[in-house]
Amino acid sequence: MNMEFPDLNTPVAHSASWSCPSNIALVKYWGKKPEGIQWPANASISWSLGDLRARTRLVLLESQSAESSLECYLSGERKPSFEPKIRDFLARVSADGSCPESLRASLVSGAWRIDSSNNFPHGTGIASSAAGFGALALCLVDIAVAMGSDVSNPMELASRWARLGSGSACRSVYADPAIWGLHPAVAASSDDFAVPFHARIHPDLAEWKDYVLIVDAGEKSVSSTQGHALLKANPYAEARYAQAQEHLGDLLTAMQNGEVSRFMDIVESEALQLHAMMMASTPSFILMRPGTLAIIEKIRAYREQSGASVCFTLDAGANVHLLFASVDENRVVNNLLPSLLPHCQDNQYLCSNLNSGPEPLNHE
Ligand code: DP6
């Protein structure tokens, strides 16, 4: 028995459990196409935040009722506030052409229970939706297979379904860097799901780490979904989408050739453009805090002076992701990090590797 998830005293028809990492985008998804469900306006690429994970068990209970039902628990506590979004997600999966008939019938009328927990503390401003929907989609694929469906590419299907929950979640199902959205340089690319970047990455860019500096542990002032919607009326949107497409092509080249400076320039430019788009929207949002800017300036000054491979990226919030080559970890931790921590709320930061993927959990 696995102590992680509570015992259930109701008979279980199917059950699956996965651990799935969050991810950090290097080229950002910010803006959706007007058609499709969560089709991105431009292609994006992310690294897997292998140490920041959701652990999720999805259970289909044996039920006599013809009505569907759903209960969601986070760290053992019932979370009714999560249920509408997850209900919408399950409805989207059931309506998608890729959903096998047996699973569709259970999604429409079954009794479902979800137990999830994150291995990073709540209240650190870290969005858990990518890891959470990634894990949930992986569980759904397992259950579809257990029901007898023939799934030729389970990770691709999980990525497609995760996208229906939260766009960026589709990039969480791979250990390799994940590319999502149509791009001429990536033959297999798709708006429907992410694909792993299998090309040989230059050793100078293959082993990096991320320290997430918690500048503001509070809730985001604007949700990603609202943020994406603001692009519709943003006069710079088309130029931004074109720039992201160009950045992605250049970033892939830099990763294969080991052009570390070019890589860092693109990654930082992407972060600043994401924030610039929010500042240039109506209404406008300034998501950085004074500590965010102070950290950015110190990272740039340290890089200039030391020559270390270190740069930053940002999410749609105030926290800073400090990205650096593993070979530079000692000097970054000893010489740069202490000067950044005073800008963090309660000196908080989280460390993650950038190259481990989802894992199935045994629960019987
Ligand atoms: C800034 O995936 O959270 O993290 O598709 O509406 O759920 P929805 O949005 P979401 O947006 C993520 C935006 C971002 C950039 C990125 O991860 O590419």
Side-chain angles (χ1 to χ4, degrees), residues 20-49 52 54 82 84-86 88-89 92-93 125-137 159-174 177-181 183 189 191-194 197 210 212 216 219-232 234 237 240-241 243-245 247-248 251 266-279 281 285 287-288 292 312-321 323 352 354:
C20 183
S22 186
N23 69 78
I24 179 67
L26 303 171
V27 172
K28 307 291 181 184
Y29 150 55
W30 201 238
K32 302 182 190 191
K33 290 200 167 111
E35 69 279 10
I37 297 177
Q38 249 131 238
W39 275 348
N42 59 263
S44 59
I45 181 169
S46 62
W47 267 335
S48 155
L49 288 171
L52 306 181
F82 288 11
K85 192 154 189 209
I86 298 198
D88 284 354
F89 163 67
R92 282 177 176 181
V93 172
I126 305 283
S128 54
S129 61
F133 279 114
L136 203 48
S159 177
R160 173 194 285 267
W161 288 354
R163 179 197 105 243
L164 298 172
S166 177
S168 58
C170 75
R171 298 186 311 237
S172 270
V173 303
Y174 304 110
I179 299 167
W180 170 42
H183 193 281
S189 63
D191 286 341
D192 286 321
F193 49 82
F197 182 46
D210 185 356
V212 191
D216 186 347
E219 288 282 309
K220 288 181 178 178
S221 55
V222 53
S223 74
S224 296
T225 304
Q226 289 167 295
H228 289 287
L230 289 172
L231 273 274
K232 284 185 206 146
N234 187 311
R240 160 65 200 149
Y241 302 148
Q243 170 86 97
Q245 291 294 90
H247 274 166
L248 181 62
L251 194 85
I266 295 172
V267 168
E268 293 190 352
S269 168
E270 278 292 313
L272 296 175
Q273 285 189 24
L274 163 67
H275 282 250
M277 296 312 283
M278 291 305 281
M279 289 190 225
S281 290
F285 290 90
L287 303 177
M288 293 189 206
T292 314
F312 69 85
T313 189
L314 306 166
D315 256 335
N319 297 338
V320 181
H321 289 251
L323 302 171
S352 182
L354 293 166

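On a predicted model such as this, the values are computed, not experimentally measured, just so you know. We're numbering straight along the sequence, starting at 1. Order of appearance sets the numbers: ligands from 1, and atoms from 1 within every ligand.
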S.K.: Judging by distance only, is a nitrogen or oxygen of Ser224 under 3.5 angstrom from one on ligand 1?
M.R.: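 Yes, there is a polar N/O contact under 3.5 Å.
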
S.K.: What part of Ser44, side chain, backbone, both or neither, has a heavy atom within less than 4.0 angstrom of ligand 1?
M.R.: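 The answer is neither.
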
S.K.: Please tell me whether Asp210 and Ser352 have a donor and an acceptor in their side chains that are separated by less than 3.5 angstrom.
M.R.: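 No, Ser352 and Asp210 have no side-chain donor paired with an acceptor closer than 3.5 Å.
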
S.K.: Check ligand 1 against Lys32 and write out every atom of the ligand that is under 4.0 Å from a heavy-atom position of the residue.
M.R.: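 So the atoms of ligand 1 that pass are 5 (O), 6 (O), 8 (P).
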
S.K.: Do Ser168 and ligand 1 have an N or O pair less than 3.5 Å apart?
M.R.: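 N/O-N/O distance below 3.5 Å exists for this pair.
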
S.K.: What class does the angle between the rings of Trp30 and His228 fall in, given that below 30° is parallel, 30 to 60° is tilted and above 60° is perpendicular?
M.R.: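 Correct class here is tilted.
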
S.K.: Taking atom 1 (C) of ligand 1 as the point of reference, which of Trp30, Phe133, Trp180 owns the nearest heavy atom?
M.R.: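 The nearest heavy atom belongs to Trp30.
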
S.K.: Would you mind listing which atoms of ligand 1 come within a distance below 4.0 Å of any non-hydrogen atom of Gly167?
M.R.: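 Near Gly167, the atoms of ligand 1 are 2 (O), 5 (O), 7 (O), 8 (P).
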
S.K.: Under 4.0 Å from any heavy atom of Arg171, which atoms of ligand 1 are there?
M.R.: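 Answer, ordered by atom number: 16 (C), 17 (O), 18 (O).
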
S.K.: Donor-acceptor pair, distance only, cut-off 3.5 Å: does the side chain of Ser159 make one with the backbone of Ala194?
M.R.: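 Side chain of Ser159 to backbone of Ala194: a pair is present.
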
S.K.: Can you confirm, on distance only, whether ligand 1 has an N/O atom lying under 3.5 Å from any N/O atom belonging to His228?
M.R.: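 Among all N and O atoms of His228, at least one is under 3.5 Å from an N or O of ligand 1.
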
S.K.: Do any N/O atoms on Asn23 end up under 3.5 angstrom from N/O atoms on ligand 1?
M.R.: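 So ligand 1 has no N or O lying under 3.5 Å from an N or O of Asn23.
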
S.K.: Quick check: Ala25 and ligand 1, any N/O pair under 3.5 Å apart?
M.R.: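 No.
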
S.K.: Under 3.5 Å, side chain of Lys28 to main-chain N/O of Leu314, donor-acceptor pair present?
M.R.: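 Pair found, side chain donor or acceptor close to backbone of Leu314.
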
